[in-house]
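Encoded as structure tokens, here's the structure I'll be asking about.
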Amino acid sequence: MSAAPELARLVLDELLPDVRNRAVKALGGVEGEAVVARLEQHHLDLIEPLFALYDKKADTTAFVRRLLYQVVATATGRSEPLRVLDRRREVDPRWFQRARQIGYVCYVDRFGGDLPGVRKRLDYLAELGVTYLHLMPLLKPREGDNDGGYAVVDYSSVDPGLGTVADLESLAADLHTRGMALCIDLVLNHTAAEHPWAVAAAAGDQAYRAFYRIFPDREMPDRYERTLPEVFPDRAPGSFTHVPDVGWVWTTFNSFQWDLDWANPEVFAAMLATILELTGRGVDVLRLDAAPFLWKREGTDCQNQPEVHLILQALRACVAIAAPAVLFKAEAIVAPQQLVQYLGAHDRFRPECDLAYHNQLMVMLWSALASRDVTLTRHALSRMRRTPPSTAWVTYLRCHDDIGWAVADEDAGAVGLDPTAHRHFLSTFFSGDYEGSFARGALFQHNRRTGDSRISGTAAALCGLDSARATNDRVQTDVALRRLLTLYSVVYAYGGIPLLYMGDELALPNDPHWADDPAHAADNRWMHRPPMDWSAADRRHDPATVEGRVFAGFVRLARVRAGLLALRAGSPTELFDPGSRSVLALRRKHPSSGSVVALANFGDDAVLLPRDSALPGLAQDSRMVLGAEGGLLSPYDVTLPAWGHAWIAEP
Ligand code: GLC
């Protein structure tokens, strides 16, 4: 028998009576026993990973005991409204998989000015059917350039420019009243160089030096850098920063973002305390920023190491005991074969993150758009491991980051494409440099050594709207809007929580003033982070305007989706070939309420698909429940206009 189960039994036997006493005393018999039951249910998922991670470094028994008391104290200290949420979600653990779930993501300042301002805009979000609001980083960041808030100096306070902790709690309560969930960012991989831990480390405090990875000279950095890819090759080359009188500090991202050393159990304990504190604020989902980077190993790219998953699993188990209403969302923008593991899909399943960004779907949608051909998209998506049924994707088209071309060499090769040439084509196409391209994005972080680049730009700009508007071309404006809605129709049908990126519902263009702020000037991702244009939003109910047409399209997507049980997450998504290179076809099934077929045409021409050969098995009395102008379902065939889409539902 391995030592971890022995330890688990020991801890449980020793702790259980005391935990029961405390929990029952604080919460009464019914709820107190629920805390005990959660401890019994999840303790192994906590102890096994911790044992594997830290047994050689610490007295694991004492460490586990200490953490468990912290966890139980959080559970017993939770406010009544949050305990009600815990209870509801324990009864209904698949709540986030519902077809009516729609996500929206925005910057607090750019959307509402500050947190109270966001509270005033909830009716707007309700029009779009939003049930899940992700607010970009809002904990107190360093002054000046802070990578859009991803360089935090204090995890216990809110950025004073955005409001206070009390404002955050009030917003969460408002959202809950409306049946909406709140997601916020948690930066686990690094702190700002100005965070008190980093300041203490720089001042020579040995305990805090051990929170980071600091080297006296270039020997180890050079060894690591032999296999480390650069995240910001242009703006922050290399992965280490020389800090005078301190040494070479590991800084995967910017020089002011110091990587934490998760091999140190005290880092785990400190970040767990942060997480537990945030669960008390009414946050429903924590977006675990840059999760793949948490563990470093010489000779590797220092991403997706097995220990990363152990860390996430142990944190997950702690939260499952302390605040079962709370979910984890992995921000793991990694290769397709590494992605599903963040949902716990390993050879042996252990709960890990409940949600993860479907980066591969996002990349493959853009790839299909540029090439007017879905062969690679279908192949790559079909080849991915299945997700555990208790989890869900977050499906999306755009976010605040650039688009990196995560096209696996094997996938490109399997459909006869040269992977490097295809990635290069995508960057050239979306930057607008490709002959005849309608897109108006910009290259991000061109790496001179590898030739790789990524892309910035709003969804509308990448779909051709900015170029169409520049020449006042009505036909191309119409085509661009169809592209945008067709791409999002896949995002809304694929399975998971679809996440609408602020401004896409109004087809906002690139921000022409993005570089005016000196703290942003070196980072062109700000071109697709425009301030919300509320005057454009005022036109959203006018069907004669671009905004009116797009907004109505999103409202419709949400309404139709909410009524289709087959579109809920948790059941597989089956991609099939309807006999056209330009049509992406997928089928979602519900065990008792029939299936939905979603079709999206990425071609410049209309397509006619014979029902017999293209959609075999589709019930005769199926109906087209969503379709772009000109889409038609007859007893014999389906017609899709150029860049059009359709959802067909079986009764
Ligand atoms: C994530 C964020 C990105 C940020 C990085 C470092 O990838 O999405 O914007 O630059 O983490 O925190």
Side-chain angles (χ1 to χ4, degrees), residues 103 105-110 134-142 144-153 155 159 183-195 198 212 228-239 241 249-260 262 271 274 285-294 296 301-304 308 312 328-335 338-339 342 353 355-359 362-363 394 396-406 444-445 454-458 499 501-502 514 519-520 522-529:
V105 50
C106 59
Y107 286 93
V108 172
D109 54 346
R110 299 197 155 226
H134 170 197
L135 296 177
M136 295 295 293
L138 49 76
L139 300 179
K140 192 175 174 197
R142 77 194 285 268
D145 185 4
N146 51 40
D147 189 21
Y150 287 104
V152 177
V153 289
Y155 290 91
D159 179 346
C183 169
I184 70 163
D185 275 86
L186 181 66
V187 190
L188 292 176
N189 179 66
H190 43 267
T191 69
E194 293 77 8
H195 188 287
Y212 299 92
L228 270 177
E230 291 174 285
V231 178
F232 295 140
D234 198 2
R235 183 158 50 102
S239 297
T241 299
V249 182
W250 198 309
T251 53
T252 299
F253 297 90
N254 291 291
S255 57
F256 52 78
Q257 290 162 305
W258 287 22
D259 285 41
L260 287 162
W262 282 81
M271 289 311 286
T274 300
V285 181
L286 287 168
R287 173 191 181 275
L288 306 181
D289 181 65
F293 296 86
L294 300 185
K296 327 290 187 197
D301 62 359
C302 295
Q303 292 184 45
N304 311 306
V308 167
L312 299 178
F328 278 3
K329 173 170 68 169
E331 192 244 346
I333 307 305
V334 296
Q338 310 275 14
L339 185 54
Y342 287 86
C353 293
L355 297 163
Y357 286 92
H358 203 327
N359 168 50
M362 184 273 291
V363 166
V394 167
Y396 68 114
L397 184 64
R398 280 306 281 121
C399 71
H400 69 290
D401 277 327
D402 50 288
I403 307 173
W405 302 117
F444 177 73
Q445 298 297 312
R454 286 122 72 180
I455 282 292
S456 288
T458 66
L499 189 58
Y501 181 60
M502 188 205 86
W514 68 268
H520 298 167
D523 185 344
N524 75 16
R525 290 177 298 175
W526 288 97
M527 70 193 285
H528 55 257
R529 302 169 179 174

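All ligand and atom numbering here is 1-based and tracks the order in the structure. If you read the sequence from its start, that first residue is 1, and numbering goes on from there.
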Suppose I only count heavy atoms of His400 and a 4.0 Å limit; which atoms of ligand 1 are within that range?
2 (C), 3 (C), 8 (O), 9 (O)
Atom 4 (C) of ligand 1: closest protein heavy atom, distance to 0.1 Å, is Asp147 OD2, 3.3 Å
Can you tell me if NZ on Lys296 sees more than 12 non-hydrogen neighbours from other groups inside 6.0 Å?
yes
Please examine the side chains of Val231 and Gln445, heavy atoms only from C-beta on, and report whether any two atoms are closer than 4.5 Å.
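A side-chain contact is absent here, since even the closest heavy-atom pair is not under 4.5 Å.
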Among protein heavy atoms, which sits nearest to atom 12 (O) of ligand 1, and what does the distance come to when rounded to 0.1 Å?
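Going by distance alone, atom 12 (O) of ligand 1 is nearest to Asp289 OD2, 2.8 Å.
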For the pair Tyr150 and His400, name the ring-plane relationship: parallel under 30°, tilted 30 to 60°, perpendicular over 60°.
parallel
Considering only non-hydrogen protein atoms, determine which one is nearest to atom 7 (O) of ligand 1 and report residue, atom name and distance to 0.1 Å.
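Residue, atom and distance for the closest contact: Glu331 OE2, 2.9 Å.
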Per-atom contacts of ligand 1 with Asp401, taking only distances under 4.0 Å to non-hydrogen atoms
2 (C), 3 (C), 7 (O), 8 (O), 9 (O)
Is ligand 1 less than 4.0 angstrom away from at least one heavy atom of Met136?
no
When you look at Arg529 and Asp401, which way does the salt bridge (Lys or Arg N to Asp or Glu O under 4.0 Å) test go after all the steps?
CA-CA 9 Å; Arg529 302 169 179 174; Asp401 277 327; 3.8 Å; yes
Give the residue, atom name and distance (to 0.1 Å) of the protein heavy atom nearest atom 5 (C) of ligand 1.
Phe253 CE2, 3.7 Å
Applying ring-ring contact (aromatic ring centres under 6.0 Å, His included), name anything that partners Tyr501, two or more places apart in sequence or on another chain.
none
Taking only heavy atoms of His190, which atoms of ligand 1 are found under 4.0 Å from at least one of them?
6 (C), 12 (O)
Ligand 1-proximal atoms of Phe232, by part, heavy-atom distance under 4.0 Å
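For Phe232, the contact with ligand 1 is made by the side chain alone.
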Please verify the inter-ring angle class for His195 with Tyr155; under 30° counts as parallel, over 60° as perpendicular, anything in between as tilted.
tilted
Before accepting this row, confirm whether a basic side-chain N of the pair Asp147/Arg525 lies closer than 4.0 Å to the acidic partner's carboxylate O.
yes
